[in-house]
2 protein chains.
Amino acid sequence: MEFVDENRQSTDQPVMDKELVENVRQKMPDEELLYDLAEFFKVFGDSTRIKIIWALFEADMCVCDIAKLLNMSQSAISHQLRVLKNSRLVRYKKSGKTVYYSLNDDHIERIFELGMEHIME
Amino acid sequence: MEFVDENRQSTDQPVMDKELVENVRQKMPDEELLYDLAEFFKVFGDSTRIKIIWALFEADMCVCDIAKLLNMSQSAISHQLRVLKNSRLVRYKKSGKTVYYSLNDDHIERIFELGMEHIME
DNA sequence: TGAACATATGAACACTTGTTCATATGTAAA
DNA sequence: TTTACATATGAACAAGTGTTCATATGTTCA
């Protein structure tokens, strides 16, 4: 039909509603912002990190106790704590040889609640 | 990934505060639930899927228009829409040859807002 | 000082993931 | 039917990820 042909782009990609595409394009946030958002959620996309965060909901904990709690190696926990630290989700406080980690973000708990709601329904 | 040594002796791990570990352990949700939560957030951990979802905030769209909007192949978009569909985050409606996708979850927008707040601060 | 301990870190490896490519499926018009 | 089109899907591949292992760093105490 002519209608469809008129809405064809010069590229090889077909388009149903060119005007809609342009409207939505203008409302999209910057590429970089959306990338950062994905990077942020990526941190929650691993069950070990989820477990660490949940543990820290309950109490500040040192590395070895988290490792004991989750029955994982100290090294694995330390690596993951670094990821959480780099995302500014946890902070740490040194006390002698021990390093205590705690949550450093007010949004996590609500985000987890919403995620749980989705899973449950 | 996730090749955990099941035979690891839990007693060979040092512990700072055994009582705390046990207390936290009892408050932890089921392993499966935490795994599902990680799987849920994993869906948000890719910028293509983030972009698709953000586009669907603005309007229901067909596959080819999303592909055009994001300047990606139809196949790549279709693959990612399947991931979103499997997570019950989007639904679709067929109209002739065209398939229109729309958001199917009330939590996403709030989750994105909270994520944005974290990034901005 | 040196031993013991708690944590951090780099490399290696197996597993995972997102895209492309080719093709299949399904729909509507000619 | 045949053709064109919109979408879905499987295989393959490169890039990414989480854990282990070995070791380094840093702290406390004898």
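The figures that follow rest on heavy atoms only: side chains count, while hydrogens, waters and symmetry mates do not. Quick note on labels: first sequence line is chain A, next is B, and so on, each numbered from 1.
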Check: Quick check: does any side chain N or O of A/Arg110 sit under 3.5 Å from a backbone N or O of B/Arg110, one acting as donor and the other as acceptor?
Finding: no
Margin query: What is the separation between atom CZ on A/Phe44 and atom P on D/dT17, rounded to the nearest whole Å?
Written below: 16 Å
Check: Got a donor-acceptor contact below 3.5 angstrom from the A/Arg91 side chain to the A/Lys85 backbone?
Finding: no
Item checked: Contacts of A/Tyr101 that satisfy ring-ring contact (aromatic ring centres under 6.0 Å, His included) - sequence neighbours left out -> A/Tyr92
Next item on the list: Round to the nearest Å and state the distance from B/Ile66 atom CD1 to D/dA8 atom P.
Entry: 10 Å
Next item on the list: Kindly say whether A/Asp17 contributes a backbone atom to a donor-acceptor pair with the side chain of B/Asp65 at under 3.5 angstrom?
Entry: yes
Between N or O atoms, less than 3.5 Å apart, protein on one side and nucleotides 19-27 of chain C on the other: list the pairs.
from	atom 1	to	atom 2	distance (Å)
C/dT19	OP1	B/Thr48	OG1	2.6
C/dT19	OP2	B/Gln80	NE2	2.6
C/dT20	OP2	B/Ser73	OG	3.0
C/dT20	O4	B/His79	NE2	3.3
C/dC21	N4	B/Ser75	OG	2.6

Next item on the list: Figure out the CZ/P separation between B/Arg49 and C/dG18, and round it to whole Å.
Entry: 4 Å
Check: Under a 4.0 Å heavy-atom cut-off, which of residues 82-93 of chain A touch DNA chain C?
Finding: A/Arg82
Notebook entry, point to check: Has the side chain of A/Arg49 got a donor or acceptor atom that lies under 3.5 Å from a matching backbone atom of A/Lys42?
Noted result: yes
Next item on the list: Could you tell me whether the phosphate oxygens of C/dA6, OP1 or OP2, come under 4.0 Å of any side-chain nitrogen or oxygen in A/Tyr101?
Entry: no
Note to self: Counting the benzene-type ring for Trp, do B/Phe40 and A/Phe112 have ring centres under 6.0 Å apart?
What the structure shows: no
Margin query: Check whether A/Ser73 reaches the backbone of A/Ala76 with its side chain - one donor and one acceptor, N or O, closer than 3.5 Å.
Written below: yes
Check: What is the distance from CE of A/Met61 to P of C/dA6, rounded to the nearest Å?
Finding: 14 Å
Margin query: Just to be sure I understand the rule, does B/Ser78 reach a base, reach only the sugar-phosphate, or reach nothing, if contact means heavy atoms closer than 4.0 Å?
Written below: base
Margin query: Quick check on DNA chain D: between A/Lys42 and B/Cys64, whose nearest nucleotide comes earlier from the 5' end?
Written below: B/Cys64
Checklist line | Exam field: side chain A/His118 to backbone B/Ile108, donor-acceptor pair closer than 3.5 Å | finding: no
Margin query: side-chain contact (heavy atoms from CB on, under 4.5 Å) for A/Thr48 and A/Lys51? Distances and angles first, verdict last.
Written below: CA-CA 5 Å; A/Thr48 296; A/Lys51 290 175 193 171; 5.5 Å; no
Note to self: Both B/Val63 and A/Glu39 contact DNA chain D. Taking the nearest nucleotide for each, which residue is further toward the 5' end?
What the structure shows: B/Val63
Item checked: Spacing between A/Tyr100 atom OH and C/dT7 atom C1', to the nearest angstrom -> 13 Å
